[in-house]
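Step one of this worksheet: look at the structure below.
Every chain is numbered from 1, with letters handed out A, B, ... down the list of sequences. Keep in mind that this is a model prediction, so the values were computed, not measured.
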Amino acid sequence: MTTEAYLQRAGEILAPFAKGTNNPESNRLDVQIAASDLPAAASALTDASWGYLAAITGMDHGAEANELEALYHFCEGSAVTTLRVRLPRVDCPEIPSVSGMIPVASFFERELGEMLGVTVVDTPDASRLFLPDDWPDRVYPLRQGFKPEQAASIQPNKTPEPSKAGNKFIVPIGPQHPALKEPGHFEFTVDGEIITGARMRLGYVHRGIEKATEERNWIQNLYLLERICGICSHTHTSAYSQGVEKLAQVEVPHRALAIRELVAGLERIHSHLLWLGVVAHEAGFDTLFMYSWRDRETVMNLLEELTGNRVNYSICVLGGVKHDIVAEHSASIHKALDFLEERIRYYLDIVTSDTTFLQRTRGVGTMTHAEAIRFGALGPTARASGVTRDIRLDAPYGAYKRFPVSLITDERGDLEARFVVRMKELLVTCFTIRTIVDNMPSGEIAVRFPRKIPAGETVSRVEAPRGEAFYYIKSGGGESPLRLHIRTPSLCNWTSVINKAVGHQLADAPMLIAGMDPCFSCNDRMVTVRRKDDMKTLSWSELREYGIKKYGQKK
Amino acid sequence: MKIGSMLKDVLISFFSAPITEKYPFERPETADRFRGKLFYDPAKCTGCNLCSKDCPAKALEIVVIDRAAKRFVARYDMDKCVYCAQCIQSCKFKCIGMSNEDWELAALTKELFTVTYGKEEDIARLLEGNALPNAEPIKAG
């Protein structure tokens with residue numbers, strides 16, 4: 001079906017609930033609905049298998065308009081249908097939950113609740129996801145009156161008591177390095193060795209980036225957003241620039257788009273090789289970890305040669321790219337890819353043949369096609385369950401129309417399939433990079449870009465190494481955005497991990513968590529609190545004594 | 001199905017030279033495009049301050065002492081800088097560059113991170129707080 005057909009179909013499905021519709025962009029349909037109609041409208045879309053819920057954007061229109069708005073973005077192919085729900089700007093306006101039919105919405109609703117002070121009625125878990133436990137009630141960081149400077153002087157609430165397990169046994173994992181060297185907290189309820197329930201808590205690397213974008217100009221934001229994630233930094237800059245360029249109606253030269261795709265490909269190689277090493281390490285296969293990371297240096301050095309840095313490449317600028325790819329670069333790209341392709345084939349062979357390793361991956365965390373759709377899984381995690389979802393093909397952006405990639409899926413849905421999908425994806429990526437280098441379009445690499453962006457709003461989606469990254473950008477016509485909302489793939493993939501952990505052995509938990517290639521930094525964005533009053537500095541010996549006293553151990 | 005599937009790799013590595021670099025005994029070569037310490041040439045500057053306006057880290061500021069005589073002082077904070085090179089992009093007169101040689105920037109005190117570029121007398125005057133009467137006030141980036 002074409003995008004127009006998709007949108008027309010969505011319009012028909014939503015007609016009974018629509019209080020007003022319009023087409024802000026050729027691929028978008030906005031439908032104004034009443035809060036009470038929301039569950040019915042969302043289930044009408046899901047029942048008709050029209051797309052998936054990509055994100056919920058909460059917005060505060062300020063004291064003058066006296067209105068909050070919740071935007072439910074559904075995506076199918078390149079079509080985006082947004083259900084717009086207006087809410088009164090009072091302390092806790094109510095909105096019904098859609099988590100019943102769309103499990104992934106639970107995370108989005110928790111974010112909406114804590115950031116904008118919207119009460120989501122009947123949401124399965126209304127506890128905090130990102131904000132600290134002692135963050136005071138009724139202070140909503142994404143409301144317009146809130147200034148980031150306020151955070152330092154905020155009086156914290158008393159830290160709540162940890163949740164009582166009753167007669168269940170809860171094993172906490174994290175927040176220090178539950179799977180990767182990044183913080184996240186999981187509570188696994190266990191019966192002996194078997195997991196019977198799972199909960200999670202994020203926010204340990206929350207930096208307040210969405211709020212911070214509102215105080216910086218369009219150019220400064222490029223570098224702020226790049227630092228959301230060190231691994232997929234190019235994803236964020238390209239998604240942001242693509243959205244802002246659309247708003248400014250600037251045509252980016254083909255050569256620049258091709259270079260962006262090339263760097264995205266190299267980034268995917270380094271990201272997947274990094275992941276391969278991390279999961280191998282979790283499984284106790286440190287040899288694979290060491291060698292895959294050694295080989296990853298090849299692509300890191302190549303990125304440094306092309307862009308000037310190993311991470312945070314900063315190759316994107318608004319209106320194009322910073323650096324050109326010249327003949328000598330093509331030679332080094334081909335040379336590096338020769339080596340990498342050989343190694344990737346070798347690793348593909350190892351992960352599908354090593355007996356010990358297969359015991360940790362084959363048949364572990366199996367997610368069926370239906371489950372992957374229901375949980376809203378994205379990227380390789382979804383594709384390993386046979387879901388044909390890839391933004392590079394569904395909604396080709398940038399140069400992906402000119403230099404397409406081929407879709408890699410696997411039907412098995414277990415951890416092994418996720419290895420196979422990622423490794424095969426790398427071989428495809430290598431092929432695409434070679435095609436781009438050999439057929440680089442000629443022309444400029446950047447065009448002039450205005451400092452002020454015309455008022456409007458847009459949705460920008462790109463395929464990150466971990467799945468779809470979703471950007472919602474709203475401009476008021478000034479030098480900085482009015483609202484910028486980011487939904488990264490890891491947030492959607494958590495639902496599948498949390499649900500799939502049940503029934504597995506506790507020892508599989510790190511593998512399951514690492515298996516989806518989580519990125520905590522990507523999830524955690526909004527506000528940090530530095531408390532002034534109850535800070536205490538302990539010397540090493542004092543800390544040691546404190547620990548001994550607390551745990552009652554003998555010296 | 002096999003056991004010890006990476007044994008061959010391990011044996012090959014056992015007899016080959018280490019892959020690790022011997023830094024700091026051997027300094028690795030950096031790429032031409034590598035972004036190290038920032039350099040500023042007041043002779044080409046016009047004092048438009050676009051660089052400091054677009055700096056995401058507020059690490060750069062150009063103080064105009066005398067626009068006609070091309071007397072500018074740049075204050076650059078290496079510790080604030082995120083080495084994104086947007087200033088180079090924003091500068092239309094190519095008076096900013098980043099070195100691919102000068103990247104070992106660690107220091108023991110914070111003061112060493114602040115670098116000033118410009119005529120020595122202008123810098124001295126600024127540091128003393130006696131700007132010339134027609135100097136434009138320092139604007140925060």
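- Using a cut-off of 4.0 Å between Lys/Arg side-chain N and Asp/Glu carboxylate O, D324(A) and R33(B) are scored as not salt-bridged.
- K322(A) NZ: more than 12 foreign heavy atoms inside a 6.0 Å radius.
- Proximity to chain B is limited to the backbone of Y313(A), based on heavy atoms less than 4.5 angstrom apart.
- Sparse packing is recorded around CZ of F14(B), with 12 or fewer heavy atoms of other residues, nucleotides or ligands lying under 6.0 Å away.
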Given the rule in the side-chain contact (heavy atoms from CB on, under 4.5 Å) test, do D9(B) and T287(A) qualify, once you have shown the distances and angles that lead to the verdict?
-> CA-CA 9 Å; D9(B) 236 333; T287(A) 321; 6.0 Å; no
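- Under a cut-off of 6.0 angstrom, the local environment of CD in E29(B) is sparse, with at most 12 non-hydrogen atoms contributed by other residues, nucleotides or ligands.
- Looking at R451(A), the atoms closer than 4.5 Å to chain B (heavy atoms on both sides) all sit in the side chain, from C-beta outward.
- Comparing L222(A), L224(A), V317(A) by heavy-atom pairs within less than 4.5 Å of chain B, the highest count is held by V317(A).
- For the atom pair C84(B) SG and I315(A) CD1, the distance stands at 13.0 Å (nearest 0.5 Å).
- Nearest heavy atom pair, residue N309(A) against residue F34(B), reads OD1-CE1, 4.4 Å.
- Counting heavy atoms from C-beta outward, M6(B) and Y346(A) have side chains that approach closer than 4.5 Å.
- Proximity of a side-chain donor or acceptor of R294(A) to a complementary backbone N or O of T20(B) within less than 3.5 Å is not detected.
- Contact annotation for T30(B): both backbone and side-chain heavy atoms come within less than 4.5 Å of a heavy atom of chain A.
- In terms of heavy-atom pairs under 4.5 angstrom with chain A, the leader among G36(B), S5(B), G4(B), A57(B) is S5(B).
- Neither the backbone nor the side chain of D32(B) has a heavy atom closer than 4.5 Å to any heavy atom of chain A.
- Proximity to chain A involves both the backbone and the side chain of Q86(B), based on heavy atoms less than 4.5 angstrom apart.
- Heavy-atom distances place the side chain of L50(B), and not its backbone, under 4.5 Å from chain A.
- Only the side chain of D349(A) comes within less than 4.5 Å of a heavy atom in chain B; its backbone stays farther off.
- In this structure, the side chains of D354(A) and I3(B) stay at 4.5 Å or more apart for every pair of heavy atoms.
- One N or O on the side chain of Q220(A) and one on the backbone of C55(B) form a donor-acceptor pair closer than 3.5 Å.
- Note that CH2 of W293(A) and CD1 of I19(B) are 16.0 Å apart. Values are rounded to the nearest 0.5 Å.
- For the residue pair S314(A) / Y83(B), no side-chain donor-acceptor distance below 3.5 Å is found, with atom types taken as modelled.
- Open room surrounds CD on E444(A); 12 or fewer heavy atoms of other groups in view lie less than 6.0 Å from it.
- Using a distance-only test at 3.5 Å, with no hydrogens or angles considered, no donor-acceptor pair links the side chain of S353(A) to the main chain of K2(B).
- Looking at F449(A), neither its backbone nor its side chain comes within 4.5 Å of chain B, counting heavy atoms on both sides.
- Using a 4.5 Å cut-off between heavy atoms, N312(A) touches chain B through its backbone atoms (N, CA, C, O) alone.
- The pair R216(A)-D54(B) does not count as a salt bridge, with every side-chain nitrogen at least 4.0 angstrom from each carboxylate oxygen.
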